[in-house]
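All values below come from the heavy atoms of this structure, side chains included, with hydrogens, waters and symmetry mates left out. Since the model is a prediction, treat every value here as computed from it, not as a measurement. Order of listing sets the numbers, starting from 1, for every ligand and every atom in it.
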Amino acid sequence: MQERMRELVALLNDYDYHYYTLDNPKVTDAEYDRLYDELRRLEAESGVVLPDSPTHRVGDVIVDTFVEHKHLSRLWSLDKAQSADDLREWDKRVRKLIDDYNTKNPDAEPLPAPTYMLEQKFDGLTINLTYDGGALVQAATRGRGVVGESVLPQVKTIRSIPLSIDYQGLFEVQGEVIMPLSELSAYNQKATETGAELLKNARNAASGAIRQKNVEETAKRNLDAYFYAIGYSADLNFNTHEEMTAFLRANRIKAGSYSKPFADLDELIAEIERFDREDHPQLDYLIDGMVLKINDIRTREVLGFTDKFPRWAVAFKFEAEEYSTVLHSVVWDVGRTGKITPTALLEPVDIGGVTVQRATLNNWGDIQRKGVDIGCRVAIRRSNDVIPEVLYKLDDESLETSPIEKPETCPSCGHELVEKGAHLFCPNVTGCATQVIERVSHFASRGGMDIETFSIKTAEQLFKELGINDPADLYDPQKLNLEKLLSLPRFGQKKAENLLNAIEKSKNCDLAAFLNALGIPNTGQRMCRDLAETFGSLEAVRAATFEQLVAIPGFGDIVAESVVGFFATERINESIDRMLASGVAPHFEAPEIAEAAEDSVFFGKTVVLTGTLQTMGRNDAKAKLETLGAKVTGSVSKKTDFVIAGEEAGSKLDKARELGVEVLTEEQFLEKIK
Ligand SMILES: NC(=O)c1ccc[n+]([C@@H]2O[C@H](COP(=O)([O-])OP(=O)(O)OC[C@H]3O[C@@H](n4cnc5c(N)ncnc54)[C@H](O)[C@@H]3O)[C@@H](O)[C@H]2O)c1
Ligand SMILES: [Zn+2]
């Protein structure tokens, strides 16, 4: 047992070094926590704690390139609970400590039954700010709790942290620096284009950014921070955590927006489950769980601390988001646009009860950027509905690896591949079986031309037996007719007639559906609807310029280029012209515009609805605006003319204010449509 303990201590200390000092974890948190729990169990069973065990100290290591800062008051870690039962155990212990105190001190004012404040557990880098004389005078990392690294210039790049506040006394406030997930993906998007190194995840990105010697680099990451505790203070006195939070807010220090009191543990547990299910997926920052802490400060003082964490608070950890496993091999597929995509085959790993053995690697460029190899250990992300993604490579020297070979030929047709940016393509557009079958069946699918009874099997049969390799062939009586269909296996009179009728019926189609059926790269159903609504006819869409396209809300450079490029392709134009000649007639019905709509302030304007309207549903409001000639879109941008904000309007309203877009209340909106 001692041997295993020594092994675990050595492993965990090494992992700590990679995680805290190098910001480059060797294993995922889930794996770290598993080994850590094993060590704790062994220590409890044997009663022995090795001198360098990580279980009795707070984790971070000081990097010597920074100046040390001694915290005025120590920073702590948090006790952890993995399940509702763990929380119930913890609650029992707390109540017992309170009861014991009350029994032993009959003359003192009894401690109240605990009320727990429930907060989000931000997953970033712990930071301790010092304010004195109304100014921010110091900012330091947690270190091992007593001494941290001074990172004031780096922290000053965080815009939400006030440099001066009203309160003049000396105090320290603890919080967590995070990198917003939207900033992380924007950063990585840019890094992809410039070939710079990718940030692994938001936690490492925040931690790495604060420990940048070059402050300009820190500023580029657009960090943010949330604060939840006052450590040292010269003369502040609070009776409750709520009072403390109110003080922070009054001084414009950003406390998390979520903080709720619970006297009943079962209600609290139900709320944690609800939050994880409903609110957690919407957040723009990482949290790895929730924290509950006793609201009453006097109770906290009585309960005190172990050598690692307070007895009056506990972290409930959510199921991990990242898991690690070994990458065995890579398989390549070709899609309907000819793009070649890699999928990693993995050592099977259990993720929340589901065995995962495949994960996407996106494209050839992604493989190179992430530096993954055959046989290496990788982190993958749990996801509920889509196939998980390989996130990054974990350093594990014990594994034997070999490079992933770049494919030279198409996995479907064997044609030589071409490389464009991060992607590999099969250029054999009309001869590559998988490509053609995927393209034709997408064309016929529900979201496209909606040709009844047409399936991927049909597309396969038509390609292989009749050489149908383009959607236009479906409407060409030379290529597809009753006689030809009847010659195919499994095609009777009835089935053949049904298919031909369905194809005939599809000729009279909606413009948006037709555009979607064509499969313009980088667009989907919603954008095709926007195209139809903006241009009103197929001819106009085909003639659209880059400038006209980027002017559409939600359309960026990439999409605009894709659309222009698509309609400049000879093969596409030939195909569309053939379809039109065979009688395919995409049409667009504009919403009817009311008489005198031109006098409305909304005529020709782009409007976004957000929040709850009291007098009418969102759909009614949209319909009303459309009859007045407005275009109603889903996201706020520079191109938005008005945002109509109902009750509990959220991020769209913030965005509108940020961009200086005119915001109307419901009342003002009603006034203008009278
Ligand atoms: N992958 C690796 O190699 C590796 C290595 C070391 C540690 N780790 C991870 O780090 C964890 C250990 O770190 P730790 O001891 O700092 O614990 P922790 O980070 O899980 O929890 C303690 C910290 O939570 C922070 N916190 C966030 N929101 C808070 C709130 N609302 N109220 C109070 N505190 C809040 C505090 O800063 C506090 O210091 C491990 O469980 C593991 O998951 C991973
Ligand atoms: Zn091919």
Closest to [atom] (judged by heavy-atom distance), picking from [options]:
| atom | options | answer |
| --- | --- | --- |
| atom 12 (C) of ligand 1 | Tyr20, Tyr19, Tyr32, Tyr36 | Tyr20 |
| atom 17 (O) of ligand 1 | Lys80, Gln120, Glu176, Gln174 | Lys80 |
| atom 22 (C) of ligand 1 | Asp29, Leu394, Leu78 | Leu78 |

Can you find an N/O atom of Lys121 closer than 3.5 Å to an N/O atom of ligand 1?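 Yes, since at least one N or O of Lys121 sits under 3.5 Å from an N or O of ligand 1.
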
Nitrogen or oxygen atoms of Asp16 and ligand 1 under 3.5 Å apart: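 In this structure, Asp16 places no N or O atom under 3.5 Å from an N or O of ligand 1.
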
Looking at Phe227, Tyr131, Tyr232, which one forms a ring-ring contact (aromatic ring centres under 6.0 Å, His included) with Phe171?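 It is Tyr131, the one option of Phe227, Tyr131, Tyr232 that forms the ring-ring contact (aromatic ring centres under 6.0 Å, His included) with Phe171.
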
Would you mind telling me if ligand 1 is within reach of the side chain of [X], the backbone, both or neither, using heavy atoms under 4.0 Å?
| X | answer |
| --- | --- |
| Arg142 | side chain |
| Tyr15 | both |
| Glu31 | neither |
| Lys317 | side chain |

Mark the output for Trp76 as yes if a heavy-atom distance to ligand 1 is under 4.0 Å, and as no if none is.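 Flag set, Trp76 near ligand 1.
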
Is it true that Lys293 lies under 4.0 Å from ligand 1, counting heavy atoms only?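 It does; at least one heavy atom falls under 4.0 Å.
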
Under 4.0 Å between a Lys/Arg side-chain N and an Asp/Glu carboxylate O for Glu119 and Lys260?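 Salt bridge flag = no for Lys260 with Glu119.
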
Atoms of ligand 1 close to Val27 [distance to a heavy atom under 4.0 angstrom, numbered from 1]: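 Result: 1 (N), 2 (C), 3 (O).
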
What are the two closest non-hydrogen atoms of Lys339 and His423, and how far apart are they?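 Taking Lys339 first and His423 second, the nearest heavy atoms are CD-ND1, 3.6 Å.
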
Quick one: is the NZ or CZ of Arg74 closer than 6.0 Å to the six-membered ring centre of Trp76, and within 45° of its axis?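 Yes - Arg74 lies over the ring of Trp76, closer than 6.0 Å to its centre and within 45° of its axis.
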
